[in-house]
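What follows is a short report on a single structure.
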Amino acid sequence: MTIDLRADPINLAAALVDIPSVSKDEAVIADTVAWALREQTEGFEILRHGNTVLARTNRGLPTRVILAGHLDTVPIADNVPGRFVAGENGERLLFGCGSVDMKGGDAVFLHLAATVAEPVHDMTLIFYDCEEIAAEFNGLGRIERELPEWLDGDLAILGEPSGGWVEAGCQGTLRARITTSGTRAHSARAWLGDNAIHRLAPILERLAAYQPREVDIDGCVYREGLSAVRVSGGVAGNVVPDAAEVDVNFRFAPDRTLDQATDHVREVFSGLEIGFERTDGAPGALPGLSAPAAKGLIDIVHAHGSGGVRAKYGWTDVSRFAARGIPAVNFGPGDPNLAHKRDEHLPVTQITQVTSMLRSYLMGDK
């Protein structure tokens, strides 16, 4: 399978959508991207590492910009191959699995690698696998552990869908399992038992009454959220259960550390007789908008007039770069609210707009 990096990035995005690449099944798309970078770009050192493809220039320029995007998608839902559809206002839309998250962004980065001949920044491109599943499989995490020098730079741009806005930093995420215990008994003699599911009631009441915090950092407003995401309990239809559990997810502003976020969730349920275990977590990323390399991009976006700067709701891999002291932003085509949906789609004009803005930034235009 071949792709043309110099073609209109809209067509390139459609070609990428047509290559199935569900998490852990990215070999074909990684082969395709690696071949295209080797055959259609100049001045790049190119490395294949598993199903992650790395490329970088070494021109000795004063700054280095990292363009990073994941190649994998969530499971296909009868939405591959992709298709172009005219929207209600006549706007051309690209439908297909991964069109928003994030093959539109990948197409922009690949096209720019092949067509920006004289950038003012050295460039590193990272196209990685397994972003959509558990963090232990994340290809960018693997690069961080095994080839950390590839993550060095002055600014990292993640091609996550942001509607052509710069979405700065990201929220942290924490998952915790809260357990209750009771005494098992026959349901015909329920008074002999202690129902662990009933003991979940005050936990759920506190979640329902929870008032999330809003935090303004560098002009970006992050809104936190604490939600029950799974409830489990019960043994059989005639047994009073002696154990029950609820999983909660806390999305927290990047001014909290992961440990501070954990302490806060514990405090929400203080005074209840429960078990508490943090099962997963990742810190957020501060906006970092004052960094000179980031300011240049923001100036371009404001000058273009089609977007601006806002907080990123949700966790993305910008957190990995922020932890290394590298300012990082999310910037790509597509509405993040449409990611993972059966009718996932984006207006193709956003691909054109993001390509134009990033081209101006990489070439040092004002």
Side-chain angles (χ1 to χ4, degrees), residues 65-70 91 99-102 104-106 108-109 131 154-173 211-227 249-256 261 282-323 326-341 344-362:
V65 172
I66 301 168
L67 305 176
H70 62 83
E91 188 172 25
S99 55
V100 171
D101 192 14
M102 52 170 283
D106 290 335
V108 171
F109 293 167
E131 189 271 349
D154 297 280
L155 175 69
I157 301 173
L158 275 290
E160 293 283 352
S162 65
W165 287 63
V166 171
E167 292 191 335
C170 72
Q171 291 175 297
T173 181
Q211 295 296 312
R213 196 176 59 128
E214 291 189 2
V215 184
D216 187 321
I217 306 173
D218 290 349
C220 297
V221 178
Y222 298 86
R223 182 173 180 175
E224 297 184 328
L226 180 62
S227 306
N249 183 208
F250 183 39
R251 297 300 178 118
F252 56 93
D255 63 335
R256 298 189 199 260
L286 291 166
L289 299 181
S290 60
K295 185 177 183 302
L297 175 62
I298 292 164
D299 289 345
I300 291 286
V301 172
H302 281 310
H304 194 276
S306 61
V309 180
R310 60 191 179 194
K312 179 65 177 179
Y313 291 127
W315 186 92
T316 75
D317 280 313
V318 298
S319 177
R320 298 182 188 276
F321 292 99
I326 301 169
V329 299
N330 304 279
F331 184 55
D335 180 351
N337 293 321
L338 295 175
H340 301 182
K341 295 176 71 70
E344 183 176 352
H345 65 275
L346 79 165
V348 298
T349 53
Q350 288 190 11
I351 297 176
T352 303
Q353 290 165 355
V354 170
T355 302
S356 176
M357 287 185 279
L358 273 180
R359 183 185 301 280
S360 294
Y361 172 66
L362 293 171

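This chain uses plain numbering: 1 for the first residue, then up along the sequence.
- When side chains are defined from C-beta on, D335 does not count as touching L346, because their heavy atoms never get closer than 4.5 Å.
- Under the 4.5 Å side-chain criterion, counting only non-hydrogen atoms from C-beta, F331 is in contact with V354.
- Residues that satisfy the ring-ring contact (aromatic ring centres under 6.0 Å, His included) test with F252, not counting sequence neighbours, are F250.
- A 4.5 Å side-chain heavy-atom check between V166 and L297 finds at least one atom pair inside the cut-off.
- With a 4.5 Å cut-off on side-chain heavy atoms, V329 and V309 do not count as touching.
- In terms of the ring-ring contact (aromatic ring centres under 6.0 Å, His included) criterion, residue partners of Y361 (sequence neighbours excluded) are, by chain and number, H121.
- Evaluation of the side-chain hydrogen bond (donor to acceptor under 3.5 Å, both in side chains) rule for E91 yields T349 as partners, not counting sequence neighbours.
- Between E214 and Y222, every side-chain heavy-atom pair lies at or beyond the 4.5 Å cut-off.
- Using a cutoff of 4.0 Å between basic side-chain nitrogens and carboxylate oxygens, E160 and K312 are not scored as salt-bridged.
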Any chance you could lay out the side chain to side chain contact (heavy atoms under 4.5 Å, CB included) test for D317 and E131, step after step, and finish with the verdict? CA-CA 9 Å; D317 280 313; E131 189 271 349; 3.4 Å; yes
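- Looking at residues two or more places apart in sequence or on another chain, you find a side-chain hydrogen bond (donor to acceptor under 3.5 Å, both in side chains) between T316 and N330.
- Side-chain contact between L155 and I326 is absent, with no heavy-atom pair separated by less than 4.5 Å.
- Pairs of residues two or more places apart, or lying in two chains, that qualify as salt bridge (Lys or Arg N to Asp or Glu O under 4.0 Å) and include a residue from residues 292-302 are K295-D299.
- The shortest side-chain heavy-atom distance between D154 and V65 does not fall under the 4.5 Å cut-off.
- Taken from CG in L67 to CZ in F109, the straight-line distance is 5.0 Å, to the nearest 0.5 Å.
- At least one side-chain heavy atom of M102 sits less than 4.5 Å from a side-chain heavy atom of H70.
- Rounding to the nearest 0.5 Å places CD1 of I300 at 9.5 Å from CG of L358.
- By the side-chain hydrogen bond (donor to acceptor under 3.5 Å, both in side chains) test, D255 pairs with R213, sequence neighbours left out.
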